[in-house]
Amino acid sequence: MTDSPATLGELFRSLGLSLTIRPVDDEDSWACTLTRPDGTVYEIDAVSFFDVDPETGDEWAVEPTPSRVMSVLAGGDVEADEDDGEAPADVTAETEAAVRAFLGDEAYELLLELDDAESE
C-alpha cells in the first residue's frame, strides 16, 4: 500500500476485495462474503446494519456496504443480539486473528485506525 487509504472504502478498494451479500432468514440480516484477489474468502454469517436519524432517533435497516462490512471486521459495529441478554460483544482473539490473517498485519492495523477515526 504505497498511497495509504484514508477511509474504510478506500482500504477495501486498495486491497482489491470484493463483497457478495445475500439475505438470511432473519429479518434485516445479511450474510457477507469478502473475497481477496487470490480467492481467499472471509465469511460473516449474519449481520444487520441500521441508519439512524440524528434528529428523531428513528432507525431503519440498510444493506451492507464495503465500508460497513470493514467496520464490522474492525469490531466497531459489533453488538450482541437483543434477545440473548448478553452485554455487547467485543471482537474475540480468535476473530481478530482470522481477520488479521485475511487482511494481513499492515492492512489490519490500518483498518483499526480508520475505523476509529470514522467512528468519532
Side-chain angles (χ1 to χ4, degrees):
M1 288 183 278
T2 53
D3 291 332
S4 187
T7 66
L8 292 173
E10 289 175 10
L11 177 61
F12 179 89
R13 287 186 297 280
S14 74
L15 296 172
L17 299 176
S18 64
L19 173 63
T20 304
I21 62 172
R22 62 189 179 287
V24 293
D25 294 336
D26 188 14
E27 185 177 320
D28 300 327
S29 292
W30 300 88
C32 301
T33 303
L34 289 160
T35 307
R36 293 189 325 207
D38 68 1
T40 302
V41 298
Y42 185 88
E43 297 275 344
I44 300 173
D45 293 332
V47 65
S48 298
F49 296 96
F50 298 90
D51 276 345
V52 178
D53 183 324
E55 293 180 16
T56 65
D58 292 340
E59 65 179 36
W60 58 93
V62 295
E63 290 188 13
T65 64
S67 294
R68 288 180 176 126
V69 173
M70 293 296 280
S71 187
V72 168
L73 293 183
D77 286 340
V78 177
E79 293 181 10
D81 289 336
E82 291 178 17
D83 300 330
D84 65 13
E86 294 181 21
D90 289 331
V91 174
T92 64
E94 182 178 308
T95 301
E96 178 183 329
V99 172
R100 186 180 290 273
F102 177 72
L103 296 177
D105 290 333
E106 182 181 338
Y108 181 75
E109 292 302 323
L110 184 55
L111 169 68
L112 296 180
E113 290 174 27
L114 294 173
D115 184 65
D116 187 47
E118 288 188 19
S119 65
E120 291 179 348

Inset, instruction - Check whether any side-chain heavy atom of F49 lies under 4.5 Å from a side-chain heavy atom of V69, and answer yes or no. - result: yes

Inset, instruction - Report the distance from atom CD1 of I21 to atom OG1 of T65, rounding to the nearest 0.5 Å. - result: 9.0 Å

Inset, instruction - State, to 0.1 Å, how close P66 and L19 come at their nearest heavy-atom pair, and which atoms those are. - result: N-CD2, 3.8 Å

Legend entry - Nearest-0.5 Å distance that lies between atom OG1 in T7 and atom CD in E118: 5.5 Å

Inset, instruction - Calculate, to the nearest 0.5 Å, the distance between atoms SG and CG belonging to C32 and D45 respectively. - result: 10.0 Å

Inset, instruction - Would you check if R68 and V62 make a side-chain contact, meaning some heavy-atom pair closer than 4.5 Å? - result: yes

Legend entry - Flag side-chain contact, heavy atom, 4.5 Å: P23 against W30: yes

Legend entry - Counterpart residues, ring-ring contact (aromatic ring centres under 6.0 Å, His included), relative to F102 (two or more places apart): Y42

Inset, instruction - For S119, enumerate each residue passing the side-chain hydrogen bond (donor to acceptor under 3.5 Å, both in side chains) test, keeping only those at least two apart in sequence or located in another chain. - result: none

Inset, instruction - Measure the CG-CD distance between D28 and E63 for me, rounded to the nearest 0.5 Å. - result: 10.5 Å

Legend entry - From E10 atom CD to S67 atom OG, the distance as rounded to the nearest 0.5 Å: 9.0 Å

Inset, instruction - Locate the shortest heavy-atom distance separating D115 from S71; write the atom from each residue and the value. - result: OD1-OG, 2.5 Å

Legend entry - hydrophobic_cluster_shared for V47 and V52, side chain cutoff 4.5 Å: no

Legend entry - Heavy-atom side-chain contact between L73 and Y108 under 4.5 Å: no

Inset, instruction - Would you indicate whether the side-chain heavy atoms of M70 and L17 approach each other to under 4.5 Å? - result: yes

Legend entry - Set of residues satisfying side-chain hydrogen bond (donor to acceptor under 3.5 Å, both in side chains) with respect to E109, sequence neighbours excluded: R100

Legend entry - Taking every non-hydrogen atom, the tightest pair across L110 and S4: CD2-OG, 3.8 Å

Legend entry - For the student: nearest non-hydrogen atoms of A46 and V24, plus distance: CB-CG2, 4.2 Å

Legend entry - Inter-residue atom distance F12.CZ - L103.CG, 0.5 Å rounding: 10.5 Å

